[in-house]
Amino acid sequence: MKRYFRELSVSAALGIVLLGLAVFAPAFFQPQPLLSLVTREAPTLLVACGMALVIICRQIDISVGSQFSVCSVCAGLLAARGWPLALVVPASVGLGALMGAINGGLVAGLRLPSIVVTLATMVTLRQGLNLVRQGEFVNLPDNVQWFGLSQSAGQWTLVLSALAVLVVIGLAMRHWSAGRQVYAVGTNAEAARLAGIPPQRVTFLVFVFLGALTGLAAIMNIVQSPQVQPLSGAGLELKVIAAVVVGGVAIAGGRGNLWGAFAGLLLLACVSPALTHLHIEAYWEKAIQGAIILLAVVADGVRQRRAGP
Amino acid sequence: MSAPANQPGWKAVFLRYEMLLFAVLVAEWLLFYYFGTTTNRRGVVVGFGTMDRQFDILRHSCEIGLLALALTPVIITAGIDLSVGSLLGLCAILFGKLWFDGGLPIPVAAGLTLVIGALAGGLNAGLITGLRLPPLIVTLGTYSLFRGLAEAITHGAITYTDFPASFLFVGQERWLGLPVQAWLFALVAVAVWLLVHRTVFGRSFRAIGFSPEGARYAGLPVERRVALVYVLAGLISALAAIIYTARLGQAKADAGTGYELFAITAVVLGGTSIFGGKGSVTGTLLGVALIAVLKSGLATLPVVIRLNAAEEISGLLTGALLLVALTGSVLPKILSGLRGRRQAG
Amino acid sequence: MKSLRLGVLAALFSAVATVLTAADAKLMIALMPKAKGNAYFLSVKAGAEKAAKELNVELLFDGPTDTNAAKQNEIVENWITLGVDVIAVAAENKEGISTALRKAQKSGTKVITYDADALPDARSFFVNQATPEGIGQGLMDEAARLMNNEGELAIITATLTAANQREWMKHIEARLKSAYPNIKLVAVRPCDDLKDRAQSEATALMSANPNLKLIMAICTPGVPGAAEAVKQAGKTGRVKVIGLGLPNENKRYVHEGVTESVILWNTMDLGYLTIYAGTALAKEQLKPGATSFKAGAMGTFEIKGDNILLGKPFIFNKGNIDQFDF
């Protein structure tokens, strides 16, 4: 119980928000809009899973938004050229993995700080995309939306796939040695090395994994509407990092899990539609999100203090 | 600990880096001077080489330069402050509000804004030193919170304008030949340089960045010193906000968006280690100059203008420069590590 | 220093060369959007390029990638030093850009504004696609018509700070208050110029306001976003969608009956007219005090004071949207 205090407290906070909505704005829980909301967040959940791993490994990656945009546009362009989805999906995942490998290579290979490396790749990718695309939308062929299925089949496919990925990775982190290695490296890289775990390789792989998940998330995004906007990933990194941190994954590394990240993501994703349903003005949104992040962070600090030096 | 023995070695390497930076700056400047200066259709020499253009570079880089100066001591203590850009926005609108809604005279409003900036920095400081929270995540939260407050207070919509000409003078006119804000910037630059390089405080920043525990055992008041750098960052961000407002003639909630990224880039480019423990204000100034000249110079190249790609190309190059600078800064570590290994065995 | 001297010599040489070839140089007009990636401004550029070709002038097009008043100033400064003949700007911030524009005028460059004005003394003419009043009223009137003058209305805007949108909102709300007492504006939500976000916002709006009759999107990515949301919610026809948008992005939704009308001024015409006006200004064919102006194939335009009026906003709907390609 104590060990999972953070995850439980986030879930409790989420529960309180949902309860409040049930009382004051029951319209929030209509099935169809709720499904649409959750489907919209499915790509973000994938990226959050990858980001949680990276942060547990004591790194950070603020270039995911740009990676997401690049993968979305490339996937869209391939689909528009007539490539079947069966080929577009691995292409996008591969492209994401490649971009992740660049980050990982610089961080693990050259021992550079991840905040600055990913800052550089974020700017480079974003500006490169702007240069090439100049903001123009990509029009998708009709059979791409919802994978060619009906809308509700498509939505359920996306939601269930995202949840499946969450569960698989979450369990893997606990029960597979690969997952435990990430925790080990994040807690103390030197100790991990002495224990036979190669920290540089693990670090490299978490970035590649995050990139691959981002590529997959890009696919999940483009099948939700008939056009792709190149700007579409803007701000994703902040959203995901905030969700993960609120969910109890410590920036200092070595602690946290995906369930917390999931709860954190849902909590922050609720803020905007909650404001709409409660008829509160939109300009409060950023302040509320910032306050939630700070509260989570403070809660972390207080807990640490009580636990002792 | 090999640190003391290597200290002269570190210094020598560092000075070499600043020299390199300066050389790159000069090369860059000359490149743009050559390719970016022409005579336009009206027979006037225009482009990069004109004093006008140089003053513009100066004016535009004052705000980011101030933020970079604010961040230098922070990063030297192995911390980081992502909230400086958002704080600029918040201070800008509070300044406008104090003047417009509050009816306060400009100097009073400006003074109060500086105090507010320091208090906001104090919030960061309190959370980081009081609760021992990682600066990255605290300032990520305040990055959102400050911007959010700016939007909430102005309802996103209100823009403060119509400032008196005497105030706009600060941002748009010249004094003794140089843009006014350049004098303010120079003042702050000298002050920060003195603080970091000539005072006990500055030495303590480096010690704290190198090893907080070691610094604590050595008797340094770590919490107080760290708090100082964040409060100072807040104060300087507030000053940048006032200059920004004077230059543009408006105070809006989205002021300073994205500035923190450029400021961090400038600091890292300048040789200050993101790991903390060493840093140079001169390096930061060189880093700011490098980026400012790059951005401005690229825009004067005819080929770039025809391509309409000034912003993209300068963004790409800045990103690339950052990576090169980072790699370059790690080399000495690797080299001395090799040297150390050779010495040891 | 040898390199410096070489540099200066080279610069002088190229300067002389440029002067010698100056006689053949074409008129140079620099056109600045609020955001150069924005499809709205790309279509302005398309019209401008057409005019530039017809008039044999050189067109420069550059602007910030996201709306940014500070960056606009920087680009104007670049153009002043480049020595362009005419600068045409869509100002993100009225006051902020005016200082730079006045400087341009002082250096002999002619200045006009289009789409969003600067301060009157900083430019010779403002090519006005429609006054903000005209746009706001046009939107509100069309919305009211589709709502049968009663019901609930929601607006999706770009960001809460966007100047153009604030201006239009002012007039929409004023028109609402004065002419349509039975219509209620239930919410204004930003979409940060992101189509996907507009989709989420629209979904939430429909869920929170079951009696919602119409969603008005006053930023171009917002219209297809809102339309997709309505379609996915299965409320096509029950919740109407209108907005300021581009024909190409909305054709499918207009044909499917999701989006009723897409209002815009013909942005290609706006670009075309701006270039013609700028050229005429530079050649002294257009002078302050004129009451009308002829622009190539487009005919004659009315000038009110120092505003060259493009005319009323244009409504794209099922009947005519296929005729346009931008």
Side-chain angles (χ1 to χ4, degrees), chain A residues 55 60 62-63 66 102 106-107 109-117 119-132 134 238 241-242 244-246 249-253 268 281-305 309, chain B residues 80 82-83 86 123 127-128 130-138 140-157 253 258 261-262 264-265 267-268 273-275 307-309 311-327 329-331 333-334:
Chain A
I55 293 185
I60 198 165
I62 58 174
S63 69
S66 307
I102 295 176
L106 289 168
V107 172
L110 290 181
R111 319 285 171 99
L112 294 172
S114 51
I115 177 82
V116 205
V117 166
L119 167 61
T121 50
M122 172 182 94
V123 170
T124 310
L125 286 172
R126 174 66 60 193
Q127 296 298 358
L129 185 62
N130 284 344
L131 192 62
V132 169
Q134 299 284 338
L238 218 58
I241 292 174
V244 164
V245 165
V246 166
V249 176
I251 276 284
L268 286 173
E281 295 289 352
Y283 49 74
W284 285 108
E285 194 176 308
K286 275 213 184 100
I288 293 177
Q289 285 170 336
I292 293 178
I293 297 173
L294 275 183
L295 274 172
V297 168
V298 169
D300 262 339
V302 168
R303 192 184 57 89
Q304 258 177 20
R305 263 207 143 175
Chain B
I80 196 159
L82 297 175
S83 67
S86 307
L123 175 63
L127 291 172
I128 292 171
L131 289 179
R132 311 283 177 93
L133 296 170
L136 184 64
I137 205 60
V138 166
L140 189 65
T142 48
Y143 165 85
S144 280
L145 184 68
F146 293 157
R147 185 68 67 192
L149 284 174
E151 275 189 14
I153 294 173
T154 58
H155 297 193
L261 296 183
F262 271 114
I264 293 175
T265 305
V267 172
V268 173
S273 169
I274 202 80
F275 297 112
L307 276 178
N308 310 319
E311 197 179 327
E312 285 87 358
I313 296 184
S314 74
L316 277 169
L317 284 180
T318 309
L321 252 177
L322 184 57
L323 285 175
V324 169
L326 282 175
T327 314
S329 73
V330 169
L331 279 179
K333 221 189 235 178
I334 299 178

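Since the model is a prediction, treat every value here as computed from it, not as a measurement. Lettering follows sequence order; numbering is per chain, from 1.
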Of all the heavy-atom pairs spanning [X] and [Y], show the shortest one and how long it is.
| X | Y | result |
| --- | --- | --- |
| Gly290(A) | Ser144(B) | CA-CB, 3.5 Å |
| Ala120(A) | Leu323(B) | CB-CG, 3.6 Å |
| Ala287(A) | Leu149(B) | CB-N, 4.0 Å |

ask   = Which answer fits Leu125(A), side chain, backbone, both or neither, if we ask what part of it has an atom under 4.5 Å from a heavy atom of chain B?
value =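 No part of it gets close to chain B.
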Please classify the contact between [X] and chain A as side chain, backbone, both or neither, with a heavy-atom cut-off of under 4.5 Å.
| X | value |
| --- | --- |
| Ile137(B) | both |
| Ile264(B) | side chain |
| Ala320(B) | backbone |
| Thr318(B) | neither |

Interatomic distance, [X] atom [atom1] to [Y] atom [atom2] [nearest 0.5 angstrom]:
| X | Y | atom1 | atom2 | answer |
| --- | --- | --- | --- | --- |
| Arg126(A) | Leu316(B) | CZ | CG | 12.5 Å |
| Leu145(B) | Lys286(A) | CG | NZ | 12.0 Å |
| Thr154(B) | Tyr283(A) | OG1 | OH | 9.5 Å |
| Leu140(B) | Leu294(A) | CG | CG | 9.0 Å |

ask   = Between Ile241(A), Ile115(A), Val245(A), which is the residue that forms a side chain to side chain contact (heavy atoms under 4.5 Å, CB included) with Leu136(B)?
value =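 By the side chain to side chain contact (heavy atoms under 4.5 Å, CB included) criterion, Leu136(B) pairs with just one of Ile241(A), Ile115(A), Val245(A): Ile115(A).
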ask   = Of the listed residues (Thr121(A), Val116(A), Ile60(A), Val123(A)), which shares the most heavy-atom pairs with chain B below a 4.5 Å separation?
value =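 Sorted descending by pairs with chain B, the first entry is Val116(A).
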query = Which of the residues Leu119(A), Ile62(A), Ile293(A) is involved in the greatest number of heavy-atom pairs with chain B at under 4.5 angstrom?
reply =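 Ranked by heavy-atom pairs under 4.5 Å with chain B, first place is Leu119(A).
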task = Give the C-alpha distance, both sets of side-chain angles, the deciding distance and a yes or no for side chain to side chain contact (heavy atoms under 4.5 Å, CB included) between Tyr143(B) and Leu238(A).
result = CA-CA 10 Å; Tyr143(B) 165 85; Leu238(A) 218 58; 3.1 Å; yes
